[in-house]
S.K.: 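Submitted below is the structure of interest, expressed as structure tokens.
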Amino acid sequence: MDVTSLYNAEFMDHVAHPDYKYQMEDPTCTHEGVNPSCGDELEFSVRLADDGTIGEAAFTGHGCAISQASADIMSDLMVGRTPEEAIHLCDLFERMVRGEVADEAELEPLEDAGMLRDISHMPARVKCAELAWRTLREMLEGREGAGAAPAAGGAGKDGKGA
């Protein structure tokens, strides 16, 4: 794989100028994620809108360019989605970066996140790309009433549930 195809201008803009990297005030829930293999750490926060969709998404933390760009791209994709839709997109993204799904039509719901599909050819970087997505999925699955049993780590450090 040619890494220059991954580190293009659009990708680097998410690294240099992330729209969703900030500390959210009064989130509905937060969850911390860590990638111990390379030291990436982030805290992901969402605020649910009155209609139950994700009204705001934000992250803080540090890590490599792939983890930071992936978190920003994911945050943009999740605003306006229901928790169930978000969990489905997280699962689809994780399958894409592991090389389990490559069909363009099936990946279409991922929108700009599809630019990270070539991570599947860089096994050491898959966990970097997955970090934000796994963190959001764990947080949403751990929320009471989200239709799933609490994930390891629960609802987040602030203990907020539904």
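Nothing fancy with the numbering, it's 1 onward along the sequence. What's counted below: heavy atoms across the whole structure, side chains too, no hydrogens, waters or symmetry copies. Because the structure is predicted, anything quoted here is derived from the model rather than measured.
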S.K.: Given the rule that I, L, V, M, F, W and Y join up when any side-chain heavy atoms are under 4.5 Å apart, are Leu140 and Val34 in one cluster?
M.R.: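 Different clusters: Leu140 never reaches Val34 through Ile, Leu, Val, Met, Phe, Trp or Tyr contacts under 4.5 Å.
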S.K.: Are Phe59 and Met12 linked, directly or through intermediate hydrophobic residues, by side-chain heavy-atom contacts shorter than 4.5 Å (ILVMFWY only)?
M.R.: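 Looking at the clustering, Phe59 is in the same group as Met12.
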S.K.: Heavy-atom distance under 4.5 Å between the side chains of Ser70 and Leu116, does that happen here?
M.R.: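 In contact.
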S.K.: Can you find a pair of side-chain heavy atoms, one from Glu130 and one from Cys90, that are under 4.5 Å apart?
M.R.: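 Result no, sub-4.5 Å side-chain heavy-atom pair not found.
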S.K.: On a heavy-atom basis, which atom in Leu77 and which in Leu110 lie closest, and how many Å separate them?
M.R.: CD2-O, 3.8 Å
S.K.: Identify the heavy atoms of Gly55 and Val79 that sit nearest to each other, and give their distance.
M.R.: O-CG1, 3.8 Å
S.K.: Are the side chains of Asp19 and Ser75 in contact, using a 4.5 Å heavy-atom criterion?
M.R.: no
S.K.: Determine whether a donor-acceptor pair (N or O, by modelled atom type, separation under 3.5 Å) exists between the side chain of Asp72 and the backbone of Val15.
M.R.: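 A pair under 3.5 Å: no.
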S.K.: Say whether Leu131 and Met24 are linked into one hydrophobic cluster, either directly or through other cluster members, by side-chain heavy-atom distances under 4.5 angstrom.
M.R.: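 No; Met24 is not reachable from Leu131 via cluster members.
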S.K.: With a 4.0 Å cut-off, would you call Arg117 and Glu104 a salt bridge?
M.R.: yes
S.K.: Got Val46 and Glu56 here, is their nearest side-chain heavy-atom distance under 4.5 Å?
M.R.: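 A side-chain contact is absent here, since even the closest heavy-atom pair is not under 4.5 Å.
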S.K.: Donor-acceptor pair, Thr53 side chain versus Arg81 backbone, under 3.5 Å?
M.R.: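 No, the answer is negative, given that no donor and acceptor are paired below the 3.5 Å cut-off.
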S.K.: Using only atom types and a distance under 3.5 Å, with no angle test, would you say the side chain of Arg134 pairs donor to acceptor with the backbone of Ala129?
M.R.: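 Checked: no pair found.
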S.K.: Are the side chains of Asp91 and Arg137 in touch, meaning some heavy atoms are under 4.5 Å apart?
M.R.: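 Asp91 vs Arg137: side chains touch.
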S.K.: Salt-bridge test for Lys21 and Glu43: reply yes if a basic N is under 4.0 Å from a carboxylate O, no otherwise.
M.R.: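 A salt bridge is absent here (no side-chain N lies under 4.0 Å from a carboxylate O).
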S.K.: Looking at Arg95 and Glu106, is any side-chain nitrogen of the basic one under 4.0 Å from a carboxylate oxygen of the acidic one?
M.R.: yes
S.K.: Can you check whether His31 reaches Phe44 side chain to side chain, under 4.5 Å on heavy atoms?
M.R.: no
S.K.: Report, as yes or no, whether the 6.0 Å neighbourhood of atom CD on Glu108 holds more than 12 heavy atoms from other residues, nucleotides or ligands.
M.R.: no
S.K.: Could you check whether any side-chain heavy atom of Ser45 comes within less than 4.5 Å of a side-chain heavy atom of Cys29, counting everything from C-beta outward?
M.R.: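 When only atoms from C-beta onward are counted, Cys29 and Ser45 do not touch, as no gap falls below 4.5 Å.
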